[in-house]
Amino acid sequence: MTREERLEKQKQRLIEMKVPEEDLHEQGYRCIAGIDEVGRGPLAGPVVAAAVVLPEEFSVLGIDDSKKLSEKRREELFVEIKKHAVAWGIGMADHQVIDEINILQATKLAMRRAVHDLEQKLADAGKDPLDYLLFDAVKIEELDLPQQSIIKGDAKVLAIAAASIIAKVTRDRMMVKYAEVYPGYAFDRNKGYGTKAHYEGLDQLGICPIHRRTFLKGKSYPSQE
């Protein structure tokens with residue numbers, strides 16, 4: 001595929017991913033947020049959610065489900081999304097919360113926190129308040145706003161895909177820092193997921209303070225705490 005063909009494909013992809021938000025704008029909604037999370041599967045670290053409002057004229061090419069993008073491309077798009085977004089918010093739930101209320105409830109909590117953070121930033125900037133929420137695969141009944149749950153939303157809806165990138169880069173950077181605090185688990189490379197190097201670290205060092213105990217049930221690892 002030539003460079004021109006790739007560029008044309010990206011332009012068409014952008015048009016397609018903007019359709020759900022354009023339909024909502026036509027219905028009268030003015031401030032539509034896409035919300036997504038990362039970190040449901042790792043053995044360590046927090047689950048992180050992001051909520052993003054994009055302007056109608058948003059034209060950055062290459063936005064997609066963060067899992068489909070290289071680390072380098074995610075970092076580049078992270079900068080562009082933050083630069084051009086109307087506003088964005090972050091929410092998270094740490095390993096202790098995950099162990100206390102389970103990963104699904106922790107995920108929803110992180111998403112609610114991301115929405116609340118976004119609402120505050122919109123208010124601080126004097127922007128329109130949120131009036132519609134687009135979630136990837138979940139619904140948050142506690143949020144008193146119109147909303148949709150879209151399966152594979154991070155691959156179908158531009159604002160959700162943008163949120164997936166913001167959440168992924170934010171969490172990855174956190175795990176790289178945790179690798180310095182808790183060496184031996186290769187957190188900088190695996191981001192807390194259960195790779196061979198991670199399990200070898202568990203065998204040699206035991207459980208560190210950011211491990212999710214409930215994800216390691218049935219395993220007899222010593223604890224660093």
Side-chain angles (χ1 to χ4, degrees), residues 3-39 48-92 110-137 143 145-148 150 152-174 176:
R3 182 180 182 278
E4 289 74 19
E5 289 173 333
R6 284 196 300 272
L7 185 61
E8 188 57 37
K9 186 176 181 179
Q10 287 184 338
K11 288 179 179 178
Q12 185 58 40
R13 179 85 169 121
L14 177 67
I15 291 170
E16 293 171 356
M17 293 183 76
K18 292 179 80 168
V19 169
E21 293 161 77
E22 289 173 343
D23 289 345
L24 289 167
H25 284 302
E26 288 181 4
Q27 295 174 42
Y29 295 103
R30 300 181 63 182
C31 194
I32 303 161
I35 303 99
D36 199 11
E37 53 69 34
V38 296
V48 176
V52 178
V53 177
L54 298 176
E56 292 184 62
E57 67 275 12
F58 188 84
S59 60
V60 175
L61 298 178
I63 304 292
D64 208 335
D65 172 6
S66 63
K67 297 184 291 295
K68 297 180 180 179
L69 303 170
S70 68
E71 181 177 359
K72 180 176 182 293
R73 189 63 179 133
R74 285 195 301 266
E75 289 281 350
E76 292 170 347
L77 290 170
F78 179 83
V79 173
E80 290 298 306
I81 292 166
K82 290 202 302 179
K83 178 180 177 181
H84 295 287
V86 174
W88 56 277
I90 290 289
M92 61 187 73
M111 286 180 159
R112 292 200 303 273
R113 288 172 170 171
V115 170
H116 292 324
D117 185 40
L118 173 59
E119 287 178 318
Q120 186 61 58
K121 288 178 178 175
L122 287 166
D124 290 345
K127 307 281 188 179
D128 289 332
L130 286 178
D131 56 7
Y132 207 95
L133 306 175
L134 294 168
F135 287 99
D136 182 33
L143 293 170
L145 283 169
Q147 59 185 268
Q148 285 185 51
I150 300 173
K152 298 187 184 297
D154 51 5
K156 297 176 182 177
V157 181
L158 192 66
I160 298 178
S164 79
I165 293 168
I166 294 292
K168 173 66 173 167
V169 173
T170 298
R171 187 181 187 280
D172 283 359
R173 290 178 177 181
M174 291 177 65
V176 169

Using side-chain heavy atoms (C-beta onward) and a distance below 4.5 Å, is [X] in contact with [Y]?
X	Y	result
Asp64	Arg13	yes
Ile32	His25	yes
Val53	Trp88	no
Ile35	Asp136	no
Leu7	Lys11	yes
Pro129	Leu122	no
Val157	Glu21	yes
Val48	Glu37	no

What heavy-atom pair brings [X] and [Y] nearest, and what distance separates the two atoms?
X	Y	value
Ser164	Ser66	OG-N, 3.1 Å
Ala49	Ala114	O-CB, 3.7 Å
Ala50	Ala167	CB-N, 3.7 Å
Leu77	Leu61	CD2-O, 3.6 Å
Leu118	Ala33	CD2-CB, 3.7 Å

Would you say [Y] and [X] are linked by a side-chain donor-acceptor pair, where the criterion is simply a distance under 3.5 Å?
X	Y	value
Gln27	Asp23	no
Tyr132	Gln148	yes
Glu119	His116	yes

Donor-acceptor pair, side chain of [X] and main chain of [Y], under 3.5 angstrom:
X	Y	answer
Arg74	Leu69	yes
Lys18	Glu56	yes
Asp154	Ile160	no
Lys156	Ile150	no

[X] and [Y] ion-paired at < 4.0 Å:
X	Y	result
Asp36	Lys168	no
Arg30	Asp128	yes
Arg113	Asp117	no

Pair Met92-Met111, side chain to side chain contact (heavy atoms under 4.5 Å, CB included): steps then yes or no | CA-CA 7 Å; Met92 61 187 73; Met111 286 180 159; over 6 Å; no

Find the distance between [atom1] ([X]) and [atom2] ([Y]) and round it off to the nearest 0.5 Å.
X	Y	atom1	atom2	value
Ser59	His84	OG	NE2	7.0 Å
Ile15	Gln10	CD1	CD	12.5 Å
Asp131	Leu145	CG	CG	7.5 Å

Sorted by chain and residue number, the side-chain hydrogen bond (donor to acceptor under 3.5 Å, both in side chains) partners of Arg73 (sequence neighbours excluded) come out as Glu76

Check step by step if side chain to side chain contact (heavy atoms under 4.5 Å, CB included) holds for Leu14 and Ile63.
-> CA-CA 8 Å; Leu14 177 67; Ile63 304 292; 5.6 Å; no

Take Phe78 and Thr170, measure what side chain to side chain contact (heavy atoms under 4.5 Å, CB included) needs, and give me the verdict at the end.
-> CA-CA 9 Å; Phe78 179 83; Thr170 298; 3.8 Å; yes

Intermediate values then yes/no, side chain to side chain contact (heavy atoms under 4.5 Å, CB included), Lys121 and Lys127 = CA-CA 8 Å; Lys121 288 178 178 175; Lys127 307 281 188 179; over 6 Å; no

NZ (Lys152) with more than 12 external heavy atoms under 6.0 Å | no

